[in-house]
Number of protein chains: 2
Amino acid sequence: MADWEDLHHFVTLAREGTLSAAARTLGVDHATVARRVAALETSTGLKLVDRRSRATLLTDDGKRIAAVASPMEEAAFAVGRAAQAAKPGVDGEVTISAPPNFASSVIAPQLGRLRSQHPGIRIKLIGEKRRASLGRREADVALRLMRPVEAGLFVRKLGSFGFSLYGAPVYLEKTPPHAFAFIGYDASMAASPQEVWLRAIIGKREVVLRTNDLETQVAAARAGLGIAALPCYLGDGDPRLQRHEVAQKPISRDVWLAVHRDLRQVPPVRAVMEFLVSCLKS
Amino acid sequence: MADWEDLHHFVTLAREGTLSAAARTLGVDHATVARRVAALETSTGLKLVDRRSRATLLTDDGKRIAAVASPMEEAAFAVGRAAQAAKPGVDGEVTISAPPNFASSVIAPQLGRLRSQHPGIRIKLIGEKRRASLGRREADVALRLMRPVEAGLFVRKLGSFGFSLYGAPVYLEKTPPHAFAFIGYDASMAASPQEVWLRAIIGKREVVLRTNDLETQVAAARAGLGIAALPCYLGDGDPRLQRHEVAQKPISRDVWLAVHRDLRQVPPVRAVMEFLVSCLKS
DNA sequence: CTCTTGATGTGAGATTTTGCACAATGGCCG
DNA sequence: CGGCCATTGTGCAAAATCTCACATCAAGAG
């Protein structure tokens with residue numbers, strides 16, 4: 001039988017697409033991935049990849065083998081979860097994935113509370129836009145703004161938060177609404193509900209800044225560049241920002257908590273879940 | 001994530017029960033298995049095995065992990081089959097598992113025919129009593145005397161053969177049936193249909209030889225030791241044996257061909273299957 | 001067209017892993 | 001009770017593997 005570690009490298013290469021990317025996720029050198037895949041080709045007697053200088057493409061045989069081998073990866077992740085679930089006690093490291101501003105503005109300020117309740121838990125808090133895969137254990141617990149649909153997850157709605165328009169107090173004073181300039185997301189976020197809502201309000205008025213980063217919008221609005229659609233939890237407590245009410249129906253987004261079923265009962269994970277619930281109650 | 005090859009060694013150890021046995025099936029030294037399992041224990045942070053001097057027992061955690069990891073092994077075997085199935089052409093090595101006497105008396109004599117039809121096929125013919133696992137690729141094609149029940153197999157009935165009583169001609173001449181001495185299987189084969197049939201015929205008469213080996217029975221019967229229940233294909237063509245008819249309803253056993261679904265369409269496997277069908281037609 | 005960038009290929013040295021040989025353990029059988 | 005035997009544990013030399021560094025290559029930007 002083929003070396004399972006060779007299969008591991010190959011499956012990762014098949015998913016990542018390049019030797020270098022696979023090497024990064026595996027934490028090894030790209031030369032190692034190349035050699036292990038070559039070893040797998042020898043042991044199976046099949047040509048699995050086309051080695052191009054820009055990327056390595058899977059051959060038809062490679063696609064077939066990758067499809068058959070990927071259940072191995074599922075099982076391997078299940079082993080990792082089982083190992084974590086088997087560990088007793090409330091100690092351990094728990095990785096939380098959340099939207100970046102949510103991580104910094106909502107979760108991080110309250111982490112002290114969790115720390116004092118459960119001193120044995122170490123937290124890894126990752127603010128990232130892309131959805132971390134819970135199945136692949138990129139995170140143990142995830143906060144999402146959309147209801148997660150992956151199989152095998154336990155999902156719970158934690159609450160919701162609203163958006164309003166905000167600007168610097170001095171800007172709102174001196175600028176009549178018909179002359180508002182706006183700050184919005186760029187094309188990568190054009191489909192998000194709050195951006196759709198904002199565009200409807202903007203109408204034919206001017207957009208002076210497009211960015212993919214919410215913090216940048218906050219900073220620009222504070223500086224008096226224009227009006228931005230911000231979560232109320234960001235804008236309402238900030239003396240450098242002032243809400244501007246509009247006639248349109250206000251928008252709100254739901255916050256979902258997701259955790260893999262295998263980890264739901266693990267004490268440290270449970271503790272983190274309860275902590276996150278309490279974070280959004282207030 | 002844990003090293004997949006460590007998992008491979010651990011799963012094998014879990015199935016085989018001892019380091020040495022696992023080492024044999026993996027083709028490595030027992031020290032390697034021990035070290036890799038230790039490495040897995042370190043990486044998972046769990047104690048997986050109890051190291052006794054006579055055997056290594058799985059802990060409860062070990063059993064859990066083994067249960068979760070064994071789907072990995074299934075997938076790995078599926079990869080092996082997929083690799084074999086992907087190879088083009090009718091060349092290749094095909095492993096046949098069959099009852100020992102069947103292999104030597106029925107299949108082996110006709111292998112020349114297969115060889116001349118398909119010169120590119122190399123045959124590995126394994127005569128063994130225990131049922132080779134097709135799922136674990138211990139054989140590509142198996143002949144069985146019982147209908148196989150494992151999942152994922154393609155099964156076909158090839159035919160059947162009968163049993164009769166045979167003895168040396170001189171023995172049958174000088175011995176009246178009520179004084180027959182018999183040659184039969186030992187306890188390990190007591191449940192086989194032909195042995196049950198033979199016992200009913202024997203009644204209270206004497207059994208002078210019990211053995212687990214059919215060839216030994218043939219040799220003893222030829223030598224005039226007594227009467228044995230033999231497959232007709234063995235006894236009828238042998239001038240040193242003569243059939244003795246009895247009133248009891250004759251018994252026959254079915255011969256089944258089994259192959260894994262994934263390999264059924266592979267050209268060399270197909271060729272071997274057709275060859276085996278033709279072997280049992282005559 | 002050239003430069004930059006991110007990819008793959010290749011060789012040498014360092015590290016890790018492996019196999020071997022032998023010692024130790026403990027159940028089984030007479 | 002004592003020898004037997006298969007199994008596990010350990011240290012060292014050998015072999016395989018990995019990392020690192022550098023060369024090469026192709027696509028896209030300026």
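Every chain is numbered from 1, with letters handed out A, B, ... down the list of sequences.
- Spacing between atom CG of B/D6 and atom P of D/dT17 amounts to 15 Å, rounded to whole angstrom units.
- Between A/E16 atom CD and C/dA7 atom P there is a gap of 11 Å when expressed in whole angstrom units.
- Under 4.0 angstrom from either OP1 or OP2 of D/dG9 there lies no side-chain N or O belonging to B/R54.
- Backbone-only engagement by A/T18 is indicated by non-hydrogen atom pairs under 4.0 Å involving sugar-phosphate atoms exclusively.
- Using a cut-off of 4.0 Å between Lys/Arg side-chain N and Asp/Glu carboxylate O, B/D186 and B/R210 are scored as not salt-bridged.
- The interatomic distance linking B/E5 (CD) with D/dT17 (P) rounds to 11 Å, in whole Å.
- The backbone N or O of B/H8 sits less than 3.5 Å from a side-chain atom of B/T12, completing a donor-acceptor pair.
- A salt bridge links B/E41 and B/R51; the closest N-O separation between the charged side-chain nitrogens and carboxylate oxygens is under 4.0 Å.
- Over its length, the helix from C/dC1-D/dG30 to C/dG30-D/dC1 turns its helix axis by 30°, as judged from the five terminal pairs at each end, rounded to 10°.
- Here D/dT17 presents its C1' atom at 15 Å from CG of A/L26, a figure rounded to the nearest Å.
- Inter-residue side-chain proximity for A/L145 and A/P99 is flagged as met; some heavy-atom pair is nearer than 4.5 Å.
- Using a cutoff of 4.0 Å between basic side-chain nitrogens and carboxylate oxygens, A/E150 and A/R144 are scored as salt-bridged.
- The pair A/E73-A/R15 meets the salt-bridge criterion, with a side-chain N (NZ, NE, NH1 or NH2) lying under 4.0 Å from an Asp/Glu carboxylate O.
- Phosphate contact (OP1/OP2 of C/dA7, side-chain N/O of A/T56, threshold under 4.0 Å): absent.
- Salt-bridge check for A/D3 with A/R36: passed, with a basic side-chain N closer than 4.0 Å to an acidic carboxylate O.
- Taking atom NE2 on B/H9 and atom P on C/dT17, their separation rounds to 12 Å, with Å as the unit.
- Below the 3.5 angstrom threshold, one finds no donor paired with an acceptor across the side chain of A/R52 and the base of C/dA7.
- A/E206 places none of its side-chain heavy atoms less than 4.5 Å from the side chain of A/F182.
- In terms of modelled atom types and a separation under 3.5 Å, the side chain of B/T59 and the main chain of B/L48 share a donor-acceptor contact.
- Going from atom CZ of A/R51 over to atom C1' of C/dT8 covers 10 Å, rounded to whole Å.
- Between B/D50 atom CG and C/dT25 atom P the separation is 18 Å, expressed in whole Å.
- Of all the residues in residues 29-38 of chain B, B/D29, B/A31, B/T32, B/R35, B/R36 reach under 4.0 Å from DNA chain C with at least one non-hydrogen atom.
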